[in-house]
Amino acid sequence: MSEILLQLASVSFAYDANQPILNGADLTLRRGERLALLGPNGAGKSTLLHLLVGLHKPQSGRIIAFGKTRSSEKDFLEVRQRAGLLFQDSDDQLFCPTVAEDVAFGPLNLGKSQSEALRITHETLSALKLEHLEHRVTHKLSGGQKRLVALACVLAMQPDVLLLDEPTNALDEATRQHLLHILHHLPQSLILISHDQEVCAKLTQRRLALEAGCLIPA
């Protein structure tokens, strides 16, 4: 069996004690695996991804990432370096004045030198065919451009796992197909949240549905 990268073990979580989001949920993602996470709006899919990288803490159960049980903020610093989360709203991810600064932010935080971070930024934007945006003001980009730049920020960290929250949401068809092509050819294991059946079919091999706080085969 291939290496387990991320795991939820009987995890429960609630914003409101009377309305649990997760109720003893179990999930395993192995190296090389691509998993679709399905369910209606409000089921808790985004919350599950946030739990995996420590943005929320479970009320019970364990989160195991890259072979270790993770519980403290220090534990999750490594997880966030190795599991790249693409937020549902790109504006939650982009906060620097220019595209180049946004993409370089992650490598610099990983301890890369200025020149090395600049090289990674150039290479990442070129790979995504976004080099023409490098010096643009981020907040003036279109929604589709922001989506692609947010993905560039994630990929510049060179993560082992991608956690993608509605990556093609609200994109025009040309940008959607460009993003699908990029994601299809990436080497990383991933967990994908999407209501787009074509996206799920093209990018994943296994599907789980989040229902009543539990994960079941879909």
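Atom set for the values below is all heavy atoms of this structure, side chains included, hydrogens, waters and symmetry mates excluded.
Residues Leu85 and Leu52 are not in side-chain contact: their nearest non-hydrogen atoms beyond the backbone lie 4.5 Å or more apart. Contact check for Thr204 versus Leu35: no side-chain heavy atoms found under the 4.5 Å cut-off.
The ring-ring contact (aromatic ring centres under 6.0 Å, His included) contacts involving residues 35-92 comprise Phe13-His56, Tyr15-His56, His50-His56, His50-Phe87, where partners must be two or more places apart or lie in separate chains. For the salt bridge (charged side-chain N to carboxylate O under 4.0 Å, His left out) condition, the pairs that include at least one residue of residues 206-218, sequence neighbours left out, are Glu33-Arg206. Within the structure, every pair that satisfies the salt bridge (charged side-chain N to carboxylate O under 4.0 Å, His left out) test and touches residues 173-198, not counting sequence neighbours, is listed here: Glu173-Arg176, Arg176-Asp196, Arg176-Glu198. For residues 116-129, the pairs satisfying salt bridge (charged side-chain N to carboxylate O under 4.0 Å, His left out) are Glu116-Arg119, Arg119-Glu123, with sequence neighbours left out. Sorted by first and then second residue, the salt bridge (charged side-chain N to carboxylate O under 4.0 Å, His left out) pairs with a member in residues 86-97 read Asp91-Lys146; sequence neighbours excluded.
Hydrophobic clustering of Ile, Leu, Val, Met, Phe, Trp and Tyr side chains at less than 4.5 Å, counting indirect connections, unites Leu55 with Leu22. Residues Ile193 and Val11 fall within the same hydrophobic cluster, defined by Ile, Leu, Val, Met, Phe, Trp and Tyr side chains chained together at heavy-atom separations under 4.5 Å. If you chain together hydrophobic residues whose side chains sit under 4.5 Å apart, Leu29 and Ile63 fall into the same group.
A pairwise comparison of heavy atoms in Leu125 and Ala152 identifies CD2-CB, 4.1 Å as the closest pair. Pairing each heavy atom of Leu210 with each of Gly44, the nearest pair is CD2-C, 3.5 Å. Closest heavy-atom contact between Pro58 and Leu51: N-CD2, 3.6 Å.
For the salt bridge (charged side-chain N to carboxylate O under 4.0 Å, His left out) test, no residue two or more places apart in sequence or in another chain qualifies with Arg34. Scanning for side-chain contact (heavy atoms from CB on, under 4.5 Å) contacts around His184 gives Lys202, Leu203, with sequence neighbours left out. In terms of the side-chain contact (heavy atoms from CB on, under 4.5 Å) criterion, residue partners of Ser71 (sequence neighbours excluded) are, by chain and number, Asp75. Residues satisfying the side-chain contact (heavy atoms from CB on, under 4.5 Å) criterion with Ala104, sequence neighbours excluded, are Leu108, Ala117, Thr121. Residues forming a salt bridge (charged side-chain N to carboxylate O under 4.0 Å, His left out) with Asp102 (at least two apart in sequence, or on another chain): none. Residues satisfying the side-chain contact (heavy atoms from CB on, under 4.5 Å) test with Glu73, not counting sequence neighbours, are Lys57, Leu77, Arg80.
In this structure, the side chain of His178 engages the main chain of Leu128 through a donor-acceptor pair within 3.5 Å.
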Donor-acceptor pairs are to be reported for all side-chain atoms of residues 161-171 against protein atoms at under 3.5 Å, with residues two or more places apart or in another chain.
residue: Asp165; atom: OD1; partner: Ser46; partner atom: OG; Å: 3.4
residue: Asp165; atom: OD1; partner: Gln88; partner atom: NE2; Å: 3.2
residue: Asp165; atom: OD2; partner: Ser46; partner atom: OG; Å: 2.6
residue: Glu166; atom: OE2; partner: His195; partner atom: ND1; Å: 2.6

